[in-house]
Amino acid sequence: MSQRFMILDGSSLLFRAFYALPLLTSPTGEYTNAVVGFSNMLQKMIAEYKPDCMVVAFDKSRHTFRTEMFADYKGNRDKAPEEFSAQVPLLREFLEGWGIPFLEMDNYEADDIIGTLSKRAEEAGGYEVLIVTGDRDALQLVSKDVNVLYTRKGISDIVRYDEAAFKEKYGFEPIRLIDLKGLMGDSSDNIPGVPGVGEKTATKLLLQFGFLEDVYAHIDEVSGKKLKEKLTENQAQAELSKKLATIERNAPVEFTPEEYAITPDHERFFAFCDKYGMRSARQGFEKLYPAQGTLLLELGTEETEQKHKAARIAGRNEAEVFADKLRKASVPAFCGVYEGKVPHLKLRALGLSTGDENAVVESGSEAWDILYPLLEDASLHWVTIDLKSFYHVGGSREAHVEDVQLAAYLADPSIGTADVEQLRSIWLPSAPAISADEDETEKAAEGAGIVSKLWPVIFEKLKGYDMEKLYNDMEKPLVAVLAEMEENGIYVNRDRLSAQAEAVGKKLLDLEQEIYTLAKHPFNINSPKQLGEVLFDELGLPAQKKTKTGYSTNAEVLNSLRYVHPIVEKILEYRLWMKLKSTYLDSIGELIDSETKRVHTTFNQMVTATGRLSSSDPNLQNIPVRKEEGRIIREFFEPGEGYDYLLSADYSQIELRILAHLSQDKNFVNAFTHDEDIHARTASEVFGVPMEDVTSELRRRAKAVNFGIVYGISDYGLSQDLGISRKDAAGYIKSYFEKCPGVKSFIDGTVSEAHEKGYVTTLFGRRRDLPQIHSKNFTQRSLAERMAMNTPIQGTAADIIKLAMAAAYRAIKDAGLKSRILLQVHDELVIETTEEELSKVQEILRGAMEKIVSLSVPLPIDIHYGKNWAEAK
DNA sequence: GCTATCACG
DNA sequence: ACGTACGTGATAGCT
């Protein structure tokens with residue numbers, strides 16, 4: 001049996017914790033957030049991995065053998081803030097109480113201590129080493145016996161890297177991470193690398209040649225003249241960078257495993273926690289190391305816990321007994337334990353509850369075959385959380401299953417997608433919280449118990465809000481449609497995508513060089529901070545706007561400086577291509593499912609405050625379209641095998657049509673009834689010119705005003721958008737309201753109703769609370785008032801397309817077509833179809849989308865189709 | 001985790 | 001005088 005030896009990078013973890021948590025203070029005013037965060041993480045690590053021994057390593061001082069080698073090593077780092085530094089001694093005190101040894105050394109970093117200890121442990125044999133760190137560099141230490149637990153974001157999102165996981169991510173073995181750093185450098189440590197070589201290029205070189213030395217040994221075989229030049233010019237720098245990135249594994253540190261056991265000192269630890277007001281740290285510690293004196297008490301709680309603990313049902317007999325209880329339960333509930341990703345999601349286990357009694361059943365057991373079919377039994381009326389996932393694993397659409405999460409979102413959309421524990425704390429605050437230290441299946445069982453109790457409470461609330469129909473007839477039917485859209489995915493032409501990624505990569509390398517030349521030195525163009533310094537301090541361009549942290553360098557500012565200095569145009573171009581490459585080309589490529597060759601986005605039904613959907617991983621609702629360069633991305637989305645076209649059906653001016661309906665403004669209703677150009681008509685009214693004299697400039701302005709109305713207009717906002725004075729903007733608005741009094745009274749009425757009631761609703765009864773509308777703070781109150789104006793419009797549009805989606809889905813199915821809905825982009829549906837079904841599917845879409853509601857104005861759609869998404873526009 | 005930026009409706 | 005357009009998500013940098 002091997003010993004599990006855990007080594008923590010104290011410095012990097014404390015730093016991560018510091019930035020992950022708000023600045024908490026002890027009762028006496030000392031900052032404690034970093035130590036609190038470290039404590040949470042430590043508890044989690046010990047509970048999950050149960051290490052036999054442990055050491056925490058610290059950086060000692062800034063000066064190390066690396067700064068000897070290269071004076072600028074980490075030279076870009078500012079001094080750590082005082083709020084952080086003050087917590088370092090606190091952590092030592094904390095570790096002394098906990099009984100965990102820690103190490104630090106002159107001239108060496110924590111990494112080197114970790115590297116050395118892990119090597120000694122490997123040599124000694126019989127150890128499984130786990131390194132916990134927020135520093136990516138440690139990944140070079142990964143081996144058969146050494147794994148790294150890397151805190152990806154903050155401190156709670158931890159990924160375990162073993163050899164396979166590393167290879168999967170980087171494509172080569174861990175030790176070559178230092179070669180990668182040698183080539184690409186590391187901006188956070190100020191390691192230079194080879195200028196102009198980033199991760200992608202470096203990886204390519206390493207995959208082709210091996211180690212850094214091999215790249216230079218075969219320098220003649222490197223493709224690309226520029227790249228070869230850069231590599232040759234910077235050979236010494238690359239070699240130095242590799243040295244800097246290499247963790248020293250023979251540091252003069254003793255390996256004394258007999259001293260690495262954890263020896264908790266209760267008295268000392270409690271005194272520490274009490275002094276700094278760290279209650280959760282104390283509780284967590286007590287749970288892990290029950291003290292002798294509290295034995296009786298512990299036994300007592302253990303007994304009550306036992307009663308709540310879910311039974312793990314495996315055998316046939318127990319299953320039959322529990323099945324009977326479920327059939328008799330008034331609110332039977334389940335929580336699925338899912339694994340994998342759509343469209344390969346699997347159900348691994350179920351937490352089940354009668355409301356009184358909870359149980360776990362694992363897929364593949366004998367009990368599973370008895371209990372799972374109950375979920376499809378139409379005589380039971382189930383409640384779950386996350387109904388969409390249940391559909392993904394094959395759950396029947398016919399079964400009676402309610403989604404408590406969806407109901408809670410409708411009752412208060414501001415909570416978004418709340419998990420069971422959040423819902424409990426909101427709706428059943430006096431019920432006991434879900435225990436944190438159980439495994440996933442046990443939590444699912446306990447969660448099912450809570451879900452069963454939550455449903456009647458939340459659904460009652462929904463009825464009180466008169467939102468039953470919204471839930472039953474709009475949102476719940478949509479769940480199945482979204483599940484199917486996600487499973488369908490959309491085909492992406494991977495070859496064309498990566499060819500484009502490569503071409504854009506080359507373009508970026510060129511732009512990068514041009515920018516460096518114009519700036520007279522290399523810098524990180526992606527860093528707004530560094531860019532601001534280059535433009536405004538070094539090149540002396542006139543600074544326009546400031547952000548909280550420095551100069552603003554956004555597109556608006558840069559556009560105004562376009563002709564002041566040639567670098568500006570290059571930067572704008574660099575930004576444009578960088579955005580396309582990183583957000584779209586690279587990341588969508590990574591999300592293509594290797595089996596289906598398609599991307600399967602997630603449509604989030606419980607995120608927005610207004611009732612819209614959102615899309616993530618990847619977001620397919622913000623694929624570029626406005627600019628030519630970006631629109632190319634759409635060409636890579638194509639009909640998949642068995643299909644001929646992508647077809648897009650989008651509502652024309654849906655939000656302004658809803659405004660016309662809700663306000664009953666004569667001008668608006670008239671214009672839409674007669675199918676006029678609404679912006680031209682608005683221009684004609686507001687600027688007092690006949691329709692035929694409306695210039696494109698006047699139309700543009702009127703369009704901006706119409707947008708403004710939908711967003712909850714202010715003269716300032718409009719003046720910014722149009723680049724006119726605030727006074728002029730106010731004039732436009734005044735004239736607009738005079739000509740469209742119906743709109744004016746609708747907006748006033750909506751805002752005053754919001755003040756009275758504290759919330760607004762859509763045409764279909766969706767609700768959004770606006771507590772800030774009563775704020776004494778002008779800014780906050782004004783924001784709430786604009787939300788009051790915008791939400792009924794944006795939300796009603798969301799309602800309508802949701803109804804249309806369900807209707808179109810049904811109609812396509814009933815007609816027996818193979819065409820299918822793939823995407824929703826707020827006012828647009830994207831469908832995959834065939835030559836034969838082309839006209840039928842258009843007819844169905846018109847029927848579903850245009851006729852789904854009857855407003856005072858028509859609701860026409862535009863349809864386009866083509867061989868890719870760019871053509872279907 | 002927060003900020004700046006930029007992609008969409 | 002206040003100080004803002006509405007709704008999203010992804011990426012990169014940062015301390």
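The sequence lines fix the lettering, A, B, ..., with proteins before strands; numbering per chain opens at 1.
- Remark: the A/R16 side chain and the B/dG1 base include no donor-acceptor N/O pair separated by less than 3.5 Å.
- Among the heavy atoms of the strands, none lies under 4.0 Å from A/A797.
- No side-chain heavy atom of A/Y551 sits less than 4.5 Å from a side-chain heavy atom of A/L535.
- Evaluation of atom-type donor-acceptor distances gives a pair under 3.5 Å for the side chain of A/R726 against the base of C/dG3.
- Side-chain to base pairing of A/Q794 with C/dC6: one donor and one acceptor N or O lie within less than 3.5 Å of each other.
- Residue-to-nucleotide contacts include no donor-acceptor pair under 3.5 Å from the side chain of A/N619 to the base of C/dA10.
- Contact check, A/T549 against B/dA4: a side-chain N or O comes under 4.0 Å of OP1 or OP2.
- In this structure, the aromatic ring of A/F15 is not positioned over the six-membered ring of the base of C/dT15 within 5.5 Å between centres and 30° between planes.
- The partner of C/dA1 cannot be assigned: no Watson-Crick or G-U wobble pair with both contacts below 3.5 Å exists in any strand.
- No engagement by A/V710 is indicated, since no non-hydrogen atom pair under 4.0 Å with the nucleic acid exists.
- For the C1' atoms, the distance linking B/dC6 with C/dA1 amounts to 33 Å, nearest Å.
- Within the 4.0 angstrom heavy-atom criterion, no nucleotide atom of any strand lies near A/N777.
- Among the protein residues, A/S582 comes within range of the sugar-phosphate backbone only, with heavy atoms under 4.0 Å from sugar or phosphate atoms but none that close to a base.
- Side-chain atoms of A/R786 stay outside donor-acceptor range of the base of C/dG7, with no qualifying N/O pair under 3.5 Å.
- What separates CZ of A/F778 from C1' of C/dG3 is a distance of 7 Å, to the nearest Å.
- Taking atom C1' on both C/dC2 and B/dT5, the two are 27 Å apart, rounded to the nearest angstrom.
- Base contact: A/A704 has a heavy atom under 4.0 Å from a base atom.
- At a threshold of 4.0 angstrom between heavy atoms, the contacts of A/A609 are confined to the sugar-phosphate backbone, with no base atom among them.
- At the heavy-atom level, A/M787 lies under 4.0 Å from the strands shown only through sugar-phosphate atoms.
- Between A/E655 and A/R612 there is a salt bridge, with a side-chain nitrogen of the basic residue lying less than 4.0 Å from a carboxylate oxygen of the acidic one.
- Under 4.0 angstrom from either OP1 or OP2 of C/dT11 there lies no side-chain N or O belonging to A/K579.
- Other residues, nucleotides and ligands contribute more than 12 heavy atoms inside 6.0 Å of the CZ atom of A/F737.
- Other residues, nucleotides and ligands place more than 12 heavy atoms under 6.0 Å from the NZ atom of A/K60.
- Heavy atoms of A/L580 sit nowhere under 4.0 angstrom from any nucleic acid atom.
- Identified under the salt bridge (Lys or Arg N to Asp or Glu O under 4.0 Å) test for residues 778-800 of chain A, with sequence neighbours left out: A/R766-A/D799.
- You'll find the side chain of A/L410 reaches within 4.5 Å of the side chain of A/L470, heavy atoms only.
- Looking at A/N526, its side chain has no donor and acceptor atom pair within 3.5 Å of the base of C/dA12.
- For A/S615, no side-chain nitrogen or oxygen approaches OP1 or OP2 of C/dG9 to under 4.0 Å.
- With rounding to whole Å, A/R626 atom CZ is found 5 Å from B/dG9 atom P.
- Within 4.0 Å (heavy atoms only), A/T553 reaches sugar-phosphate atoms of the nucleic acid but no base atom.
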